[in-house]
Amino acid sequence: MLVRHGQTDWNAAGRLQGRTDVPLNHVGRAQALDAAAMLSEGNWNMLVTSPMKRAVETAGIIGQQLRMDTTLEVDGLRERDYGGAEGRLTKDFKKEGLVDLEGMGELVRAEPEEAVAGRGIQALRSILQAYPDRRIIVVAHGTLIRLTLSALLGAPQPRVLNGQGIIVDLGLVLALP
């Protein structure tokens, strides 16, 4: 199960967060509680998270509700690096990874989508290979989850909402070269 972290103030304002370590806001904490309630029916036995504050806090809330401790923080689950565009409004972001900073014509290159997807797949593969018999909840970030799933499924996937959980066929992750 992949879960996107809860909302932050930057999410609410429509800002690119990327590697900027922004904590959850009150809405995000409520979303984490909702995610935990949705996950309470599962037979989960491992909780993994990105090391970024918003993911760690979301995983902590889920873990507290499900009486689970976070087993691992995995660096490969960090969000996409948007470089100098972080903190800018998302409306300025162009899909090809270039950002027009406040209309000044300056372009900043973000981490390539293929690199993000590859990093996400490798992180999931490493977790699954190390813990093959576990039912795992992975708390990560919207762009990382979307791009990873797009690569795994061979088709563009929709935006992942804050606190949303997505069931993943683990065989897809392990089957890729």
Side-chain angles (χ1 to χ4, degrees), residues 1-8 10-11 14 16-19 28 31-32 34-52 54-56 58-59 62 66 68 70-83 85-86 90-99 109-177:
M1 171 68 70
L2 300 177
V3 177
R4 182 180 177 194
H5 63 78
Q7 185 186 75
T8 69
W10 279 27
N11 290 136
L16 288 172
Q17 288 179 111
R19 299 288 176 96
Q31 289 169 330
D34 290 344
M38 182 260 309
L39 293 164
S40 67
E41 297 299 318
N43 187 22
W44 309 106
N45 52 25
M46 188 170 177
L47 184 57
V48 177
T49 185
S50 154
M52 301 187 77
R54 56 195 183 265
V56 169
T58 299
I62 291 169
L66 301 182
M68 297 173 66
T70 299
T71 307
L72 293 173
E73 288 184 14
V74 178
D75 196 60
L77 296 172
R78 287 182 185 273
E79 181 59 295
R80 184 179 189 187
D81 184 351
Y82 290 102
E86 291 186 13
T90 56
K91 68 180 177 65
D92 297 331
F93 181 69
K94 295 182 170 78
K95 288 187 185 261
E96 66 272 13
L98 296 175
V99 180
R109 182 145 311 270
E111 180 181 11
E113 289 185 352
E114 299 79 22
V116 177
R119 182 167 49 79
I121 290 168
Q122 184 55 44
L124 292 176
R125 181 179 286 135
S126 296
I127 295 163
L128 296 172
Q129 287 172 339
Y131 303 95
D133 298 325
R134 301 283 183 99
R135 295 208 15 101
I136 304 168
I137 299 168
V138 175
V139 180
H141 306 275
T143 301
L144 178 117
I145 293 170
R146 180 180 56 80
L147 294 175
T148 299
L149 289 176
S150 294
L152 288 171
L153 299 172
Q157 297 301 299
R159 181 173 180 262
V160 181
L161 303 176
N162 290 107
Q164 182 179 358
I166 299 173
I167 296 172
V168 177
D169 178 354
L170 303 181
L172 284 174
V173 178
L174 295 174
L176 289 177

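In this text the structure is predicted, and so the values were computed from the model without any measurement.
- Between the side chain of T49 and the main chain of E73, no donor-acceptor pair closer than 3.5 Å is present.
- At least one donor-acceptor pair closer than 3.5 Å links the side chain of Q157 to the backbone N or O of A155.
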Practice problem: Give the intermediate values and the outcome of side-chain contact (heavy atoms from CB on, under 4.5 Å) for residues V48 and R134. | Solution: CA-CA 11 Å; V48 177; R134 301 283 183 99; over 6 Å; no
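- Within the structure, salt bridge (charged side-chain N to carboxylate O under 4.0 Å, His left out) pairs that include any residue of residues 114-123 comprise E111-R119 (at least two apart or interchain).
- In this structure, the separation between CD1 on I145 and CG on L152 is 12.0 Å, given to the nearest 0.5 Å.
- For the 3.5 Å distance criterion, the side chains of Y82 and T143 qualify, holding a donor opposite an acceptor.
- With hydrogens and angles ignored, the 3.5 Å screen pairs a side-chain donor or acceptor of T58 with a backbone N or O of G6.
- Here the side chains of V139 and S50 are not in contact, with every heavy-atom distance at 4.5 Å or above.
- Looking only at distances, a side-chain donor or acceptor of R19 sits under 3.5 Å from a matching main-chain atom of E79.
- Between atom CG of residue N162 and atom CG of residue D34 there is a gap of 12.0 Å, rounded to the nearest 0.5 Å.
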Exercise. Assess whether side-chain contact (heavy atoms from CB on, under 4.5 Å) is satisfied between L149 and V168, documenting all intermediate values.
Key: CA-CA 8 Å; L149 289 176; V168 177; 4.0 Å; yes
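- Taken from CZ in R159 to CZ in R4, the straight-line distance is 5.0 Å, to the nearest 0.5 Å.
- To the nearest 0.5 Å, atom CD of residue E113 and atom CG of residue L144 are 12.0 Å apart.
- The minimum heavy-atom distance between M68 and W44, with the atom names listed, is SD-CB, 4.0 Å.
- Tested against L2, the residues I167, V138, L77 include a single side chain to side chain contact (heavy atoms under 4.5 Å, CB included) partner, V138.
- Going from atom CG of L161 over to atom CD1 of I166 covers 8.5 Å, rounded to the nearest 0.5 Å.
- Of the listed residues (R146, Q17, H5), just one forms a side chain to side chain contact (heavy atoms under 4.5 Å, CB included) with H141, and that residue is H5.
- Residues G120 and T148 come closest through the heavy atom pair CA-OG1, 3.5 Å.
- M1 pairs in a side chain to side chain contact (heavy atoms under 4.5 Å, CB included) with only one of the listed residues (L39, I136, L47), which is L39.
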